[in-house]
Amino acid sequence: MHRWSQLFIPTLREAPADAEVASHKFLVRAGYIRQLAAGIYSFLFLGNRSFNKIVEIVREEMDKIGQEFYLPALHPRELWEASGRWSLMGENLFRLQDRKGGDLCLGMTEEEVMTEIARKELRSYKQLPQIWYQIAPKFRDEPRPRSGLLRVRQFMMKDSYSFDIDAAGLDVSYRKHYNAYCRIFDRCGLKYMVVEADSGAMGGKESHEFMVRTPAGEDQIVSCDGCNYAANLEKATSTLWPVEDLKAEGDGKPLLVHTPGQKTIEDVAKFLGVSPKNKIKTLALMTNEPASDGASKGKEGSKAKSRAVVVLMRGDHQLNEAKLNATIATPTRPMEEAEIEMLFQSPAGYLGPIGIEWAKDFKTDGDKPVLLVDKALEGRTNLIGGANKKDYHLKNLTPGKDFHPTAYADLRSVTAGEACPNCGKPLRIDTAVEVGHIFKLGYRYSESMGARVLDRNGKEVMPIMGCYGIGVERILTAAIEQGNDEDGFWLPAAIAPFEIVVAPVSVKDEAVKSVAEDVAQRLEIAGFDVILDDRDERPGVKFKDADLVGIPFRITVGKKVTEGTVEVVFRSTREVRDVTITTIVEYFQGMLRAG
RNA sequence: CGGGACGUGGCGCAGCCUGGUAGCGCACUUGCUUGGGGUGCAAGGGGUCGCGAGUUCAAAUCUCGCCGUCCCGACCA
């Protein structure tokens, strides 16, 4: 029997001054966690109980599709050199040295270790498929930990890895994870949505994120209430309403117009009396390759090569950097003034695509500047853009005719209200927390680390991989964000530290006290997680604490014991029901254990 | 890493501008009181004022440096 009077549950009346989001404030106030350093938290009794319940749900569901391992967090440098991530991860990787001066790091994920095992042990297609997982701490030296447990430097991740003989096999492993994740988040009582996610430059084909809507989140998700379309903003697309092109002026060739002092899209559009939709926005960027790309591996001194990348967008559209990164597989930065002058021979504000020799192909065409044009401009005619001459713009610009893009690409950020690409209804954008991510990795690690198996023809092939992650703390955080009010929060029973708190109004009243003891004991014997608030405190104190700490049900034992009843209080709705003492176990069995 | 803020008993804050005794609420200890929404009264304990240097007869207070924490941005397999 858990007796509150003997437990360490340090609840606070006030939230720490540096807590911003609800889950952070309440986790601290309810005595779940305490901060040790930026992005590093200790879990106390209640926090750990809830945490363990989440872990157990994850484990039960994962055991249905895979096998649990336990891998070290301390990794030798060589392993990460082999995958190329020792340098790729930069400062996000925690590094340290052993007494002999050997370099080590703390694992931020375990692709390397898992692939190392696969490389050494897997020999035949007969051993595939495999799904291996673990639930273990991960370490990331985040540039900015924030929002309590939402972004931290050490956290518990369920990470799994699948190895299959071919893409069809990977599809099956992926689907198994998708379904297992749905079961996990359902059992945790989360209201979540599954969204298409950016698979980045890793070459993966498919990726889904499991998202919980909350203003505290860090991700933007685009979704449609009319159909099931949902995607991360980094990936989302929309259908654009048609735009009426301008008519050609003069002979239809690019036509110089004087636009003195008109630099911004808005200004020029207004000045010329056209819509920004008929304007070209010219963005001047440089690739910003850290000297750590695969090609320059090993040559410490080799200089990072920078290349001009010019992006054209419709005047009223915003560049989506994730899409740009996915397109050119290299980080970029804005051009400096001198670089702009060098390429365009013109000050910023009048930049355009005319008069520059653009690369015909990103890969093969050497060092020439790259011109990427957003798909929203493909097929458009007679646009207006900068003339690369101070105080002048050009009319009659038609992509493909007056200038030749290196490539057309989807580079635009969706905005709320645009049409769903599936059904045409208006899209909405919400912030959300990512609680899980499933990802088709492909051959990246098999290739770099040399994992090979023989297929049924005796031919050596690479196993194809998938990786899948769940953040345990984020499930807890998201659940609190989903269910809280000014007095505290309530967790779904499955992940609450206790399902029921029994609160006798007084421990000095023998009748009340003995009924409370009896009720708590019978519920515990029946298999419920019960805590008895046996403290010699006034009822108000017990009620306030009970409201705060996330337990979904309270049984108040008070003067009605003389009538043979106690009160069951539903934390989320504050609904109160009188229940006969003798039937209390059956009451909760019907509510929490039915089905 | 760029911008901003903060750092004073366990928690929340005042004091700093205008240098000289460290203060309030909560929590904690003891006693009485109260007993269905953080009861009231009384008496107590607890603080290198983040760290270091400087100015000064004298620094929580002024100056400089460092560290830490939070927020915005950049970043985020």
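- Comparing rG45(B) with rU30(B), their P atoms are spaced 15 Å from each other, to the whole Å.
- For D487(A) against rG38(B), a side-chain-to-base donor-acceptor contact under 3.5 Å is absent.
- Residue contacts shown for P145(A) are limited to sugar-phosphate atoms, with no base heavy atom under 4.0 Å away.
- Distance check on atom C1': rU69(B) versus rU8(B) gives 15 Å, rounded to whole Å.
- In terms of modelled atom types and a separation under 3.5 Å, the side chain of Q134(A) and the main chain of L71(A) share a donor-acceptor contact.
- Rounded to whole Å, the separation between the C1' atoms of rC28(B) and rG19(B) comes to 34 Å.
- If you check distances only, the side chain of K542(A) never reaches the base of rG36(B) with a donor-acceptor pair under 3.5 Å.
- Among the nucleotides rA27(B), rU69(B), rG35(B), the one closest to the side chain of D18(A) is rU69(B).
- Across all strands, S83(A) comes closer than 4.0 Å to no nucleic acid atom at all (heavy-atom distances).
- Between the P atoms of rG50(B) and rG15(B), the separation comes to 15 Å (whole Å).
- At the heavy-atom level, A15(A) lies under 4.0 Å from the strands shown only through sugar-phosphate atoms.
- Between F8(A) atom CZ and rG10(B) atom P there is a gap of 14 Å when expressed in whole angstrom units.
- No contact: E218(A) has no heavy atom under 4.0 Å from any strand.
- Residue contacts shown for K559(A) include a base, since a base heavy atom lies under 4.0 Å away.
- The pairing partner recorded for rG7(B) is rC67(B), the criterion being a Watson-Crick or G-U wobble arrangement whose two distances lie under 3.5 angstrom.
- Side-chain contact check for T580(A) and Y587(A): no donor-acceptor pair (N or O, by modelled atom type) lies under 3.5 Å.
- Of the candidates rU69(B), rG38(B), rG37(B), rG38(B) carries the atom nearest the D545(A) side chain, counting heavy atoms from C-beta on.
- Judged purely by distance below 3.5 Å, without hydrogens or angles, the side chains of R153(A) and Y41(A) never pair a donor atom with an acceptor atom.
- Taking atom P on both rA60(B) and rC67(B), the two are 23 Å apart, rounded to the nearest angstrom.
- One atom, CZ of R474(A), and another, P of rC76(B), lie 14 Å apart when rounded to the nearest Å.
- Spacing of P atoms, rC64(B) relative to rA27(B), comes out at 41 Å, to the nearest Å.
- Whole-Å rounding puts the Q35(A) CD to rG10(B) P distance at 16 Å.
- R554(A) comes within contact range of at least one nucleobase, with a heavy-atom separation under 4.0 Å.
- Side chain of N92(A), nearest nucleotide from rG36(B), rC76(B), rA27(B): rC76(B).
- With P as the reference atom, rU56(B) and rG4(B) are 31 Å apart, rounded to whole Å.
- Checking rA74(B), rC13(B), rU69(B) against every side-chain atom of R146(A), the shortest atom distance belongs to rA74(B).
- Between the NE2 atom of H24(A) and the OH atom of Y32(A) there is a distance of 15.0 Å, given to the nearest 0.5 Å.
- R538(A) has its CZ atom 7 Å from the P atom of rG38(B), to the nearest Å.
- Comparing rU34(B), rG12(B), rG36(B) by their closest approach to the side chain of P16(A) singles out rG12(B).
- R144(A) has a side-chain polar atom (N or O) that falls below the 4.0 Å cut-off from OP1 or OP2 of rC71(B).
- Using cut-offs of 30° and 60° on the angle between ring planes, the pair F139(A) and F94(A) is perpendicular.
- Side-chain proximity of E14(A) to the nucleotides rG25(B), rG38(B), rA74(B) is greatest for rG25(B).
- With a cut-off of 3.5 Å on both pairing distances, the Watson-Crick or G-U wobble partner of rG2(B) is rC72(B).
- Nearest-nucleotide positions on RNA chain B place G39(A) closer to the 5' end than the other of G39(A) and E434(A).
- Per the geometry, CD belonging to E537(A) stands 17 Å off P belonging to rU33(B), to the nearest Å.
- Straight-line distance from the CD atom of E142(A) to the C1' atom of rC70(B): 16 Å, rounded to whole Å.
- Ion pairing of E575(A) with R577(A) is present here, as a side-chain N (NZ or NE/NH1/NH2) and a carboxylate O approach within less than 4.0 Å.
- With no hydrogens or angles considered, no side-chain donor-acceptor pair links Q220(A) and D430(A) at under 3.5 Å.
- Taking the P atoms as reference points, rA43(B) lies 34 Å from rA59(B), given to the whole Å.
- Rounded to whole angstrom, the span from the CZ atom of R13(A) across to the P atom of rC24(B) amounts to 18 Å.
- Within 4.0 Å (heavy atoms only), E91(A) reaches no atom of the nucleic acid at all.
- Of the residues near RNA chain B, D547(A) and R151(A), the one whose nearest nucleotide (by heavy atom distance) lies more toward the 5' end is D547(A).
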